[in-house]
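Here is the structure we will look at, set down as structure tokens.
Keep in mind the model is a prediction, meaning the values are calculated, not measured. Values reported hereafter were calculated over all heavy atoms of this structure, with side chains retained and with hydrogens, waters and symmetry mates removed.
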Amino acid sequence: MTGVQSRAQANHNRQTELDPVDVIWFPNPPYAMNEKGVPAGFEIDLWRMIAETRQIPYRIRKANSFEELLADISTNKADLAISGVLINENRSKIFRFSFPTASSDLKIYTLKKEESTAIRLLQILFSKEVLLIFLGLILIACIFAVPVWLMERHRPELADNQKRHQLVFILQKTLLLSTDHTQRTRSRLMSIASLFARVLLTGYFASYILKIASTDQAINVAKPMDEINLETLQDSTFAAIPGYIQTSILKSSGAKTIDCDVAETCIHLLQTGQADAILDDMLTMKTALRTMPPEPKISAASDKLMTLFMAFAISEEFNRDERAQTINDAIARSYYDGSHAKLSRIWMQR
């Protein structure tokens, strides 16, 4: 009797292995994406490599929405879900996760605000620092150049020139760090003193230029937010995909959201002013932005908020299948045999 049961169980296992794995996917670049009607992407290629090398038959279909993907994997209507599904404790109660397939950083993205060059130049020209520099030049001219002119204007080579020509000559020499226009000891000492004053003013001017350069560089790099806080989120309307962990974070924090179906749609809402920001992982945004118009430009408005880990989602029923463990082992092995790094270069670093 025991032998009969063993053979029946073995036949059942063989039959299960012959049944194709029902794979469901939804666009979420770079993990899964639609390229001319054909599923592609990092996790899609990873799955195909596993299915081919481990000889696992499968059928693959596209979900109509990310929420449908989660529903099908939660109710055992699909065996395996591929969409860069984020690992989450609440989700692990209704379905299982494979060995992590990828990781990325969660960031807030907004439109990059750039001032026109003309406005920027006007701001610099009328800044306190530039006004102080001009004031310094006037003081040097009044304290040093004019007294030197009063003492040197009766020199024979200057006597024939008009007074304004004499004054311009002395001012030119004084402001150009020259002392060869003086002959009297007192005027030469004053010219040397003006030299130190001009060096100090030049140093101040150089420090101001460096300050402007560093400020511009800081503007190009988005202003970091150390953490997601309620006040920050409540001030903005976020474009968000229903069912995403990011959307749950926003709603639990009281943020206003506007629904979008895929990353490209969310970016379009941001670029057209219908949304103020997007909360998403860096790799998804980097890949999706390649297909979007370059202007208006979008950039990260926060530093890394947290690290996200993605995996295949496995239904509870399929998790009892031996092939689920085979898939897990194959993902783990891909990190060591170089195939994971090869796919990463293709999809995540291009």
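- Applying the disulfide (SG to SG under 2.5 Å) definition to pairs two or more places apart or across chains, none involves residues 21-109.
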**Request:** Let me see the working for K251 and S248 under side chain to side chain contact (heavy atoms under 4.5 Å, CB included), right down to the final yes or no.
**Result:** CA-CA 5 Å; K251 290 185 176 179; S248 300; over 6 Å; no
**Asked** Given the rule in the salt bridge (Lys or Arg N to Asp or Glu O under 4.0 Å) test, do K107 and D105 qualify, once you have shown the distances and angles that lead to the verdict?
**Response** CA-CA 6 Å; K107 294 183 178 182; D105 297 332; 5.4 Å; no
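- Of the possible donor and acceptor atoms, one in the side chain of R96 sits under 3.5 Å from a partner among the backbone N and O of S92.
- The CE atom of M292 sits 15.5 Å away from atom NZ of K297, with the distance rounded to the nearest 0.5 Å.
- Looking only at distances, no side-chain donor or acceptor of S334 sits under 3.5 Å from a matching main-chain atom of H340.
- Between W347 and Y31, the ring center distance fails the sub-6.0 Å criterion.
- Atom OG of residue S302 and atom CG of residue L106 lie 7.0 Å apart, to the nearest 0.5 angstrom.
- For D281 and S104, the side-chain atoms include at least one donor-acceptor pair closer than 3.5 Å.
- With hydrogens and angles disregarded, a donor-acceptor distance shorter than 3.5 Å links the side chain of E43 to the backbone of G84.
- Side-chain contact annotation: T272 with Q274, donor-acceptor N/O pair under 3.5 Å present.
- Look at D337 and K342 and you find no salt bridge, because none of the NZ, NE, NH1 or NH2 atoms lies under 4.0 Å from a carboxylate O.
- Under the 3.5 Å distance criterion, the side-chain polar atoms of T53 are matched with a main-chain donor or acceptor of I50.
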**Message:** Go through it in stages, so that I can follow the logic: the residues are R61 and D22, the test is salt bridge (Lys or Arg N to Asp or Glu O under 4.0 Å), and I'd like the CA-CA distance, side-chain angles, deciding distance and then a yes or no.
**Reply:** CA-CA 8 Å; R61 58 188 172 90; D22 188 9; 3.4 Å; yes
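- Cluster annotation: I82 and F318 are assigned to the same hydrophobic cluster (Ile/Leu/Val/Met/Phe/Trp/Tyr, side-chain heavy-atom contacts under 4.5 Å, transitive).
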**Request:** Start with the C-alpha gap between F99 and F97, add the side-chain angles, then the distance that decides, and say whether ring-ring contact (aromatic ring centres under 6.0 Å, His included) holds.
**Result:** CA-CA 7 Å; F99 194 86; F97 288 103; over 10 Å; no
